[in-house]
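Here the structure is laid out as structure tokens; the discussion comes afterwards.
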Amino acid sequence: MLPDVAGIDRPFDYVVPSELDDRVGVGTRVRISLHGRRVGGWVVADRVTPPEGVALRPIARVSGLGPGPDVVELAGWAAWRWAGRTGAFLATASPPRAVHDLPARGRRAGGGPVSGNRGDLEEGVVAEALAQARTVVRLPPASDPFPLVEAAIAGSADGAAALVIVPSQEWAARTADRLRRRGRPVALLPDAWADAAAGGCVVVGTRSAAWAPAPDLSAVVVLDAHDEAHGEERAPTWNAWVAAAERAERRGAPCLLVSPCPVLEALAWGRLVTVSRRAERQGWAPLEVVDRRKEDPRSGLFSERLVAVARGAGTGAADRVVCVLNRTGRGRLLACGACGELARCERCEGPLAQTDSPGRPPGPAVATDVLRCRRCGEERPDVCAACGARRWRVLRPGVARVREELEALAGKPVGEVSSQTAEGTDAPLVVGTEAVLHRVRAVGTVVFLDFDQELLAPRYRAAEQALALLARASRVVGGRTGRGRILVQTRLPGNEVIDAALHADPGRLAAADAERRSALGFPPATALALVSGPSAGAYVAGLEAHPVEVLGAGDGRWLVRAPDHRVLCDALAAVPRSPGRLRVEVDPPRA
DNA sequence: CGGACAAGCTGA
DNA sequence: CAGCTTGTCCGG
């Protein structure tokens with residue numbers, strides 16, 4: 001039994017009382033006495049030979065069904081692959097509420113096998129996509145992947161299960177609904193865990209569905225496989241498509257990753273299938289590049305072109321305008337309006353930012369209540385430390401400030417959306433962080449106010465993440481057929497990301513990006529892990545004896561680099577963890 | 001993780 | 001040396 005206790009990653013042996021024998025198997029959730037207390041756990045092996053000289057205790061009780069043996073094995077692999085506890089994965093794979101009996105197996109709701117309707121997908125693409133075990137289908141952002149999902153699961157025999165993983169709960173619900181209307185029995189995770197375990201249905205859900213029960217798994221489909229929502233942010237930092245692909249592989253089932261802009265790791269994993277150039281162009285929105293190199297830097301985030309677009313917002317039928325700026329708050333970098341000194345933290349010297357108080361009236365950049373350091377949290381009265389003036393020039397504005405300025409420039413109310421707040425999302429003009437692209441409908445124009453921030457972000461994945469933003473925006477405006485458009489304000493108009501979106505050809509970026517990452521030693525040419533926490537130092541010292549490269553930035557965090565995951569994960573698993581908090585992020589999302 | 005127990009510190 | 005804190009070990 002593996003206890004469900006943080007800090008214990010080791011199985012213990014117990015006796016299964018004969019009256020429980022028929023209810024206990026690999027994966028079963030049980031309660032056990034451990035060290036004088038009752039804890040939950042999973043059966044991870046059955047009929048083992050216990051070590052000699054240990055008095056075995058019996059299982060206290062069976063607390064319900066758990067993942068099947070295939071998923072228990074996969075959890076063991078994942079614990080190695082992402083340097084985490086097996087129990088963390090088994091917890092994700094277990095039902096949210098105890099399940100004691102399974103419902104009847106999924107049955108077709110009538111309607112028979114699905115045929116025909118493949119939407120705007122070309123017949124050849126579907127055939128090609130289904131011909132191999134590991135396939136990446138590059139489907140443009142505004143094209144509906146549902147026909148591909150149907151085609152992929154159509155091959156599953158009655159009684160076999162297929163797995164469909166999507167990045168959001170809303171998309172999962174919509175997909176489940178469409179499948180049901182086409183006569184398919186569906187289990188929508190996480191609630192329908194028991195239906196999934198009963199088998200014979202399509203299992204649909206977000207990333208945790210990669211761990212759902214799926215007896216006789218026959219196919220796996222991952223939609224928007226590039227989406228960061230497929231990756232768990234907390235350690236272990238597992239990724240749903242990677243886990244699902246491994247699961248399919250172990251089972252001998254085909255796995256299909258669908259994405260408008262596949263990540264390099266996916267391209268290295270499987271064979272790429274693309275639609276025709278014509279079809280791909282239809283699915284990406286026209287892109288207008290606003291070249292800001294020759295503009296007066298004092299015009300800030302607002303080019304003449306943007307001001308014209310903002311003033312015209314809402315005049316046409318679908319001409320809502322959404323402006324994207326990935327900076328929350330009011331001002332992230334301030335210079336004194338009187339003496340020009342930067343507002344910096346007295347404790348850590350980081351930049352002081354204005355706090356975002358939503359109710360405040362629009363107007364010039366006057367004093368708020370306090371300035372806060374985003375690095376160390378220190379707060380200070382809102383006056384210049386050098387001269388005592390209370391007026392700031394905002395060198396790096398956030399969305400709250402941009403909303404005020406846009407209202408003044410466009411002469412109309414402006415909505416504001418971030419992951420925390422949403423006000424006036426129905427307004428003809430809305431500004432927000434990238435969250436806005438998930439929260440608004442019926443948009444004619446998406447403007448990226450500071451795209452260089454995305455292009456120049458200090459992350460090795462910055463380029464493909466920037467392209468993913470343009471793909472998202474293309475979808476929001478409905479591609480070329482949706483008569484929408486994307487405006488990109490940039491001082492890097494020839495950048496490969498912009499070039500790829502302009503030509504509706506993500507392959508242009510992938511080729512250049514792969515070469516660059518290979519030269520710099522970034523994935524997928526290598527495998528990385530980020531190690532942090534109070535006991536990280538001792539841990540990375542232990543890694544020295546292994547064939548990995550350890551790079552310290554002197555900030556208590558270390559980057560571990562290896563030629564591949566096999567070497568990396570073997571090393572991470574071999575080094576004992578000293579007591580104390582340690583965070584190991586394999587494939588670090590923010591490196 | 002959290003209980004058990006040992007070693008270390010304090011004040012009388 | 002009792003009474004308490006802090007640290008280390010280990011679980012079937």
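Naming convention: chains lettered A, B, ... in sequence-line order (proteins, then strands); numbering from 1 in each chain.
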Specify the separation, in whole Å, of atom CD1 of A:I32 and atom C1' of B:dC1.
13 Å
Hey, can you pull the donor-acceptor pairs under 3.5 Å for the side chains in residues 520-538 of chain A, sequence neighbours left out?
residue : atom : partner : partner atom : Å
A:T526  : OG1  : A:G521  : O            : 2.8
A:S535  : OG   : A:G580  : O            : 3.4
A:S535  : OG   : A:R581  : O            : 3.1

Show which side-chain atoms of residues 34-62 of chain A pair as donor or acceptor with protein atoms under 3.5 Å away, not counting sequence neighbours.
residue : atom : partner : partner atom : Å
A:R38   : NE   : A:S33   : OG           : 3.4
A:W42   : NE1  : A:S94   : OG           : 2.8

Would you kindly give the CG-to-P distance between A:L582 and B:dC1, to the nearest whole Å?
13 Å
Here the distance between atom P of B:dC1 and atom CG of A:D4, to the nearest Å, is 13 Å
Can you list the residues that meet the salt bridge (Lys or Arg N to Asp or Glu O under 4.0 Å) rule with A:E228, with sequence neighbours excluded?
none
Rounded to whole Å, how long is the line connecting atom NE2 of A:H35 with atom C1' of C:dC9?
8 Å
Contacts of type side-chain contact (heavy atoms from CB on, under 4.5 Å), residue A:D587, not counting sequence neighbours
A:R81, A:W82, A:H565
Mind running a 4.0 Å heavy-atom check of residues 9-20 of chain A against DNA chain C and sending the residues that fall below it, in number order?
A:R10, A:F12, A:D13, A:Y14
Whole-Å distance separating the CG atom of A:L2 from the C1' atom of B:dC1
13 Å
A:R566 CZ: over 12 foreign heavy atoms closer than 6.0 Å
no
Within the structure shown, what part of the strands sits under 4.0 Å from A:P3 by heavy-atom distance: base, sugar-phosphate, or nothing?
nothing
Atom-to-atom span, CD1 of A:I8 to C1' of C:dT8 - whole angstrom
15 Å
According to side chain to side chain donor-acceptor pair (under 3.5 Å), does anything in residues 536-562 of chain A pair up with another residue at least two apart or in another chain? List the pairs.
A:E549-A:R561, A:D555-A:R557
Interatomic distance where CZ belongs to A:R38 and C1' belongs to B:dC1 [whole Å]:
18 Å
Report the distance from atom CZ of A:R37 to atom P of C:dC10, rounded to the nearest whole Å.
16 Å
